[in-house]
Amino acid sequence: MFFDPQTHTDRGVAFATVINGLQRACDDAKAKLGISSHLIMCFLRHLSEEAAFETLEQALPYKDQIIGVGLDSSEVGHPPAKFERVFAKAREAGFLVVAHAGEEGPAEYVWEALDLLKVNRIDHGVRSEEDPVLMQRLIAEKMPLTVCPLSNLKLCVVNDMAQHNIQRLLEQGVHVTVNSDDPSYFGGYMNDNFISIAEALDLSTQELKQLAKNSFDAAFISAEEKQNWNHQIDALS
């Protein structure tokens with residue numbers, strides 16, 4: 001689960017208040033609903049590198065509650081290269097790293113996320129299709145793309161869900177997954193994203209199962225957990 005501490009700390013809310021509130025919600029979800037979760041702290045890319053460094057320092061005492069760091073907010077004009085040094089420090093501190101790239105921004109941002117930020121996963125990445133060499137690399141490295149179809153529609157990356165390229169990416173062997181992106185703003189939770197592409201692209205049961213399995217394979221969970229969930233998906237008719 002992604003969160004942006006700067007949205008709150010910039011208006012005077014203490015970092016401890018933010019992280020402890022989110023952790024309490026995660027604990028409640030586990031206890032009451034059986035939903036497991038981890039937190040990924042994102043830097044707001046429209047803010048400065050200095051502000052990101054300050055946020056990283058604030059996060060260090062809470063490393064046991066934060067599994068990784070990411071990069072989100074307005075993509076165009078704020079390339080991953082802007083935060084190369086911040087991400088290097090985050091990796092040194094032991095965080096997993098991810099970054100939004102190639103949704104509104106160009107395929108070049110995906111290259112930067114891979115080569116400069118050295119990410120474990122690309123968030124969005126749908127514009128990677130514009131660069132055949134990049135596509136070959138993503139396929140060869142089995143680099144996960146956390147695709148958010150309803151977000152792509154809302155931000156006019158596609159004008160109609162029937163134009164979405166997630167099915168083509170899947171067919172070509174890209175490790176695409178289905179996700180929600182700020183559900184209250186972009187129009188739906190994960191199931192809504194699945195339903196939207198299933199209907200618009202007439203996805204087969206096998207394609208939907210593969211998308212679900214890709215998500216577990218890309219998740220930051222143990223190999224045993226991945227195997228367990230994938231077995232459950234295989235058992236579905």
Side-chain angles (χ1 to χ4, degrees), residues 2 40 42-46 68-84 86-87 96-182 185-188 190 192-194 196-204 207-208 210-215 217-218:
F2 292 83
I40 296 176
C42 292
F43 305 113
L44 295 175
R45 66 200 307 155
H46 66 274
V69 300
L71 185 65
D72 62 13
S73 187
S74 306
E75 199 181 344
V76 178
H78 303 285
K82 177 179 174 182
F83 298 93
E84 181 179 2
V86 180
F87 272 69
L96 295 165
V97 293
V98 299
H100 285 43
E103 182 187 26
E104 294 180 290
E108 176 59 31
Y109 283 13
V110 179
W111 282 107
E112 289 190 7
L114 294 170
D115 293 334
L116 302 182
L117 305 189
K118 304 185 189 305
V119 294
N120 302 101
R121 207 166 59 192
I122 293 288
D123 299 316
H124 297 296
V126 289
R127 290 188 61 187
S128 299
E129 193 178 35
E130 298 170 8
D131 185 335
V133 177
L134 175 59
M135 286 284 287
Q136 291 175 14
R137 178 176 178 181
L138 294 175
I139 294 166
E141 296 183 4
K142 203 178 178 182
M143 176 59 63
L145 304 186
T146 60
V147 179
C148 305
L150 290 175
S151 170
N152 299 155
L153 186 65
K154 180 82 169 184
L155 295 174
C156 298
V157 177
V158 293
N159 295 318
D160 188 291
M161 195 61 79
Q163 301 171 357
H164 203 285
N165 66 351
I166 190 168
Q167 187 177 35
R168 289 198 306 274
L169 294 173
L170 182 68
E171 290 172 347
Q172 292 177 73
V174 180
H175 199 86
V176 285
T177 68
V178 179
N179 311 265
S180 61
D181 184 357
D182 196 349
Y185 181 75
F186 288 112
M190 188 176 67
D192 299 305
N193 280 269
F194 263 104
S196 181
I197 59 170
E199 294 177 346
L201 301 173
D202 193 26
L203 296 180
S204 67
E207 287 172 320
L208 291 168
Q210 187 60 54
L211 287 168
K213 291 176 73 172
N214 285 355
S215 297
D217 289 338

Measure the SG-CG distance between Cys148 and Asn193 for me, rounded to the nearest 0.5 Å.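 Cys148 atom SG to Asn193 atom CG measures 6.5 Å (nearest 0.5 Å).
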Distance from Arg168 atom CZ to Glu171 atom CD, nearest 0.5 Å?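 Between atom CZ of Arg168 and atom CD of Glu171 there are 9.0 Å.
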From the options Val147, Asn165, Leu169, Ile166, select the one residue that forms a side-chain contact (heavy atoms from CB on, under 4.5 Å) with Val174.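 Only match with Val174 under side-chain contact (heavy atoms from CB on, under 4.5 Å): Leu169.
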Treating [X] as the side-chain partner and [Y] as the backbone partner, does any N or O pair qualify as donor plus acceptor under 3.5 Å?
X      : Y      : result
His100 : Leu71  : yes
Asp72  : Gly70  : no
Arg121 : Thr146 : no
Ser128 : Ala107 : no
Gln163 : Val158 : no

So which heavy atom on [X] is nearest to which on [Y], and how close?
X      : Y      : value
Gly125 : Val110 : CA-CG2, 4.4 Å
Leu145 : His124 : CB-O, 3.5 Å
Leu138 : Leu114 : CD2-CD1, 4.2 Å

Are [X] and [Y] packed together at the side-chain level, in the sense that at least one heavy-atom pair is separated by less than 4.5 angstrom?
X      : Y      : result
Glu207 : Gln167 : yes
Ser73  : His78  : no
Arg127 : Tyr109 : no
Leu203 : Ile197 : yes

Test of understanding: with salt bridge (Lys or Arg N to Asp or Glu O under 4.0 Å), list the residues that count as partners of Glu104, not counting sequence neighbours. none
Donor-acceptor pair between Ser74 and His46 side chains, under 3.5 angstrom: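 Judged by distance alone, the side chains do not pair up.
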For Asp217 and His175, which I'm curious about, is there any donor-acceptor pair between the side chains at under 3.5 Å? no
Test of understanding: with side-chain contact (heavy atoms from CB on, under 4.5 Å), list the residues that count as partners of Lys154, not counting sequence neighbours.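 Counting only residues at least two positions away or on another chain, Lys154 forms a side-chain contact (heavy atoms from CB on, under 4.5 Å) with Tyr185, Phe186.
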Just wondering, more than 12 heavy atoms not from Met161 lying within 6.0 Å of its CE?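 Count over threshold, so yes.
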